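Heads up, the thing below is written out as structure tokens.
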Amino acid sequence: MDPMRNSGRVFTLSRFAIYFEMVAQAGSIRQAANVLNVSPSAVNRQILAVEQEMGTLLFHRHSTGLSLTSAGELLLATIRGGKRDFEAFQARLSALSGLHGGLVTMAVVEAVSDRFIPDILSEISKDYPRVEFSVKTMDFKSIWQSVSRNEVDFGISLLDSEKSSRRVRVVSTLQAPIGFVVRPDHPLAAWKETRLTHVLGSRLIVPDATLAVGAAIREGLLTQNVEIKPAFSCNRIVSIKALVRSGLGVALLTQADVIDEEKSGELCFVRITQSDIKPLCFALTHNTQRQLSAAAHATLDLISRNFHALSMADAASSHPDTMP
């Protein structure tokens with residue numbers, strides 16, 4: 001027997017309430033006693049004692065059985081309402097444990113929504129197979145607002161966009177350098193770093209300014225007083241990567257945008273050196289006033305560990321040879 005369900009029954013219903021509801025349903029003390037496997041006198045004693053304590057009759061006694069009085073109908077509705085409330089409490093409690101269902105909600109930027117988050121969910125779902133996960137892809141400002149208003153369990157946004165708030169805690173961060181993304185057969189693929197000026201004659205594919213990486217690129221170019229004329233511009237990172245795969249040019253993206261493509265060897269990332277284009281800093285955040293379920297906590301911890309592992313890997317490869 002499910003211990004939670006059993007303890008809920010004991011906690012919610014006194015012996016009287018169990019007897020009373022069964023008599024009301026059966027219309028007979030004897031029939032109720034048979035169902036409950038107790039003596040009719042035990043059932044009758046419970047009902048008579050409460051009627052005496054309340055100073056009112058709960059049943060009309062007829063030669064053919066019992067029917068509820070107005071007071072009895074009100075009490076029955078109260079008992080059944082209490083059962084429904086406790087069942088709802090049990091469902092919420094189960095959701096907090098993450099074992100019997102529940103929902104984990106997150107708001108993330110596109111850079112992590114396509115590959116990074118699915119990999120996280122694939123792993124976490126093994127431990128929480130009955131939990132539903134909701135992933136909302138938003139711009140970084142909307143993510144901050146959603147976490148601040150306590151609308152999601154956590155968010156992955158940009159640290160630069162985070163405003164001071166006692167309610168929002170930054171759990172972990174990930175530095176994502178901006179660089180060139182090319183196919184493995186491109187000449188740049190043999191290098192880990194190169195200067196921005198080295199590719200100014202190439203066909204460039206850039207994210208537009210509506211994306212955080214696009215805004216960072218434009219700000220860095222303006223500071224450096226460098227002007228580029230892209231062959232293509234897109235407001236979707238997946239579209240930019242598709243253009244690179246098609247051999248249409250060299251893209252400017254963050255390393256986080258191509259984490260899995262680098263691992264699979266499908267695309268190559270080349271850092272930009274001696275440039276005013278600053279890395280983006282992704283931030284994992286949650287609202288401190290939100291009570292996180294076990295599944296949400298586990299997901300948060302797994303993302304934080306992955307951020308740390310990626311940061312360590314990035315630090316280990318931060319001093320490669322550079323193309324002149």
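Residue indices begin at 1 and follow the sequence shown. Side-chain atoms are counted along with the backbone in the values below, which use heavy atoms only and exclude waters and symmetry mates. The structure displayed is predicted, hence computed values, not measured ones.
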Inset, instruction - Please confirm whether the backbone N or O of His286 pairs with a side-chain atom of Arg169, one donor and one acceptor, at under 3.5 Å? - result: no
Legend entry - Validation row: Val104, Phe154 side chains within 4.5 angstrom (heavy atoms): yes
Inset, instruction - Kindly indicate whether the side chain of Cys281, heavy atoms from C-beta on, has any atom under 4.5 Å from the side chain of Leu174. - result: no
Inset, instruction - Verify whether the ring centers belonging to Phe307 and Phe116 lie closer than 6.0 Å. - result: yes
Inset, instruction - List the steps, then state whether side chain to side chain contact (heavy atoms under 4.5 Å, CB included) holds for Asn34 with Met22. - result: CA-CA 10 Å; Asn34 288 337; Met22 185 57 67; over 6 Å; no
Legend entry - Any donor-acceptor N/O pair, Ser122 side chain to Pro118 backbone, under 3.5 Å: no
Legend entry - From CG (Leu68) to CD (Gln25), nearest 0.5 Å: 11.5 Å
Inset, instruction - Start with the C-alpha gap between Ser146 and Glu151, add the side-chain angles, then the distance that decides, and say whether side-chain hydrogen bond (donor to acceptor under 3.5 Å, both in side chains) holds. - result: CA-CA 5 Å; Ser146 188; Glu151 296 171 345; 3.3 Å; yes
Legend entry - Close side-chain approach of Val270 and Lys192, heavy atoms under 4.5 Å: no
Inset, instruction - State whether the side chain of Thr69 and the backbone N or O of Leu57 hold a donor-acceptor pair below 3.5 Å, judged by distance alone. - result: yes
Legend entry - Rounded distance [0.5 Å steps], NZ in Lys278 versus CD1 in Ile272: 15.0 Å
Inset, instruction - Decide whether Leu222 and Leu204 are clustered together by the hydrophobic rule: side chain heavy atoms of Ile, Leu, Val, Met, Phe, Trp, Tyr closer than 4.5 Å, transitively. - result: no
Inset, instruction - Would you indicate whether the side-chain heavy atoms of Phe269 and Thr254 approach each other to under 4.5 Å? - result: no
Legend entry - From CG (Asn235) to OG1 (Thr210), nearest 0.5 Å: 5.0 Å
Legend entry - side chain to side chain contact (heavy atoms under 4.5 Å, CB included) between Leu196 and Leu221, intermediate numbers included: CA-CA 10 Å; Leu196 178 64; Leu221 293 175; 3.4 Å; yes
Inset, instruction - Nearest 0.5 Å please: distance from the OG atom of Ser70 over to the CG atom of Leu75. - result: 12.5 Å
Inset, instruction - State, with a plain yes or no, whether a side-chain heavy atom of Phe180 is found less than 4.5 Å away from one of His198. - result: no
Inset, instruction - Can you see which heavy atom on Ile120 is nearest to which on Ile303, and at what distance? - result: CG2-CG1, 3.8 Å
Inset, instruction - Would you mind reporting whether Leu211 and Val109 have side-chain heavy atoms less than 4.5 Å apart? - result: no
Inset, instruction - Determine, for Lys141 against Asp139, whether the closest basic-nitrogen to carboxylate-oxygen distance falls under 4.0 angstrom. - result: no
Inset, instruction - Taking only Lys NZ, Arg NE, NH1 and NH2, and the carboxylate oxygens of Asp or Glu, determine whether Arg61 and Glu51 approach each other closer than 4.0 Å. - result: yes
Inset, instruction - Answer whether the closest heavy-atom distance between the side chains of Arg45 and Leu48 falls below 4.5 Å. - result: no
Legend entry - Transitive ILVMFWY side-chain link Val181 to Val238, under 4.5 Å: no
Inset, instruction - Might you point out which heavy atoms bring Ile240 and Leu253 nearest each other, and give the distance in Å? - result: CG2-CD1, 3.8 Å
Inset, instruction - Consider only side-chain N and O atoms of Glu193 and Thr273, and report whether a donor and an acceptor are under 3.5 Å apart. - result: no
Legend entry - For Ser304 against Ser172, the heavy-atom pair lying closest together: OG-CB, 3.3 Å
Inset, instruction - In sequence, state the C-alpha distance, the side-chain angles, and the governing distance for Thr288 and Val168, and then conclude on side chain to side chain contact (heavy atoms under 4.5 Å, CB included). - result: CA-CA 6 Å; Thr288 56; Val168 177; over 6 Å; no
Legend entry - Donor-acceptor contact below 3.5 Å, side chain Ser28 vs main chain Arg30: yes
Legend entry - Residue pair Val250, Val244: steps toward the side chain to side chain contact (heavy atoms under 4.5 Å, CB included) verdict: CA-CA 6 Å; Val250 177; Val244 175; over 6 Å; no
Inset, instruction - Output all residues satisfying side chain to side chain contact (heavy atoms under 4.5 Å, CB included) with Glu261, sequence neighbours left out; order by chain, then residue number. - result: Arg115, Lys241, Arg245, Val258, Glu266, Leu267
Inset, instruction - Go through the steps for Arg80 and Glu73 under the test salt bridge (charged side-chain N to carboxylate O under 4.0 Å, His left out), then give the verdict. - result: CA-CA 11 Å; Arg80 287 178 172 171; Glu73 290 177 350; over 6 Å; no
Legend entry - Heavy-atom closest pair, residues Ser125 and Phe133: OG-CE1, 3.7 Å
Legend entry - Residue pair Ser246 / Arg183: nearest heavy atoms and the distance that separates them: C-NH1, 4.0 Å
Legend entry - Any side-chain donor near an acceptor of the partner, Gln255 and Gln175, under 3.5 Å: no
Legend entry - Between CG on residue Leu188 and SG on residue Cys268, distance to nearest 0.5 Å: 9.5 Å
Inset, instruction - For residues Ala26 and Gln31, report the shortest heavy-atom separation together with the two atoms involved. - result: O-OE1, 3.8 Å
Inset, instruction - Please tell me if the side chains of Phe282 and Leu159 come closer than 4.5 Å, counting only heavy atoms from C-beta onward. - result: no
Legend entry - Common cluster, Met54/Ile29, ILVMFWY with side-chain heavy-atom separation under 4.5 Å: yes
Legend entry - Residue pairs involving residues 53-85 (criterion ring pair (Phe, Tyr, Trp, His ring centres under 6.0 Å); sequence neighbours excluded): Phe20-Phe59
Legend entry - Ser148 backbone acceptor or donor facing Asn287 side chain under 3.5 Å: yes
Inset, instruction - Give a yes or no on whether Leu252 and Leu248 share a hydrophobic cluster (residues Ile, Leu, Val, Met, Phe, Trp, Tyr; joining criterion: side-chain heavy atoms under 4.5 Å apart). - result: yes
Inset, instruction - Examine Val35 and Leu66 and state if one hydrophobic cluster contains both, with Ile, Leu, Val, Met, Phe, Trp and Tyr joined whenever side-chain heavy atoms are less than 4.5 Å apart. - result: yes
Legend entry - Gap between atom CD1 of Ile156 and atom CD1 of Ile117 - 0.5 Å precision: 4.0 Å
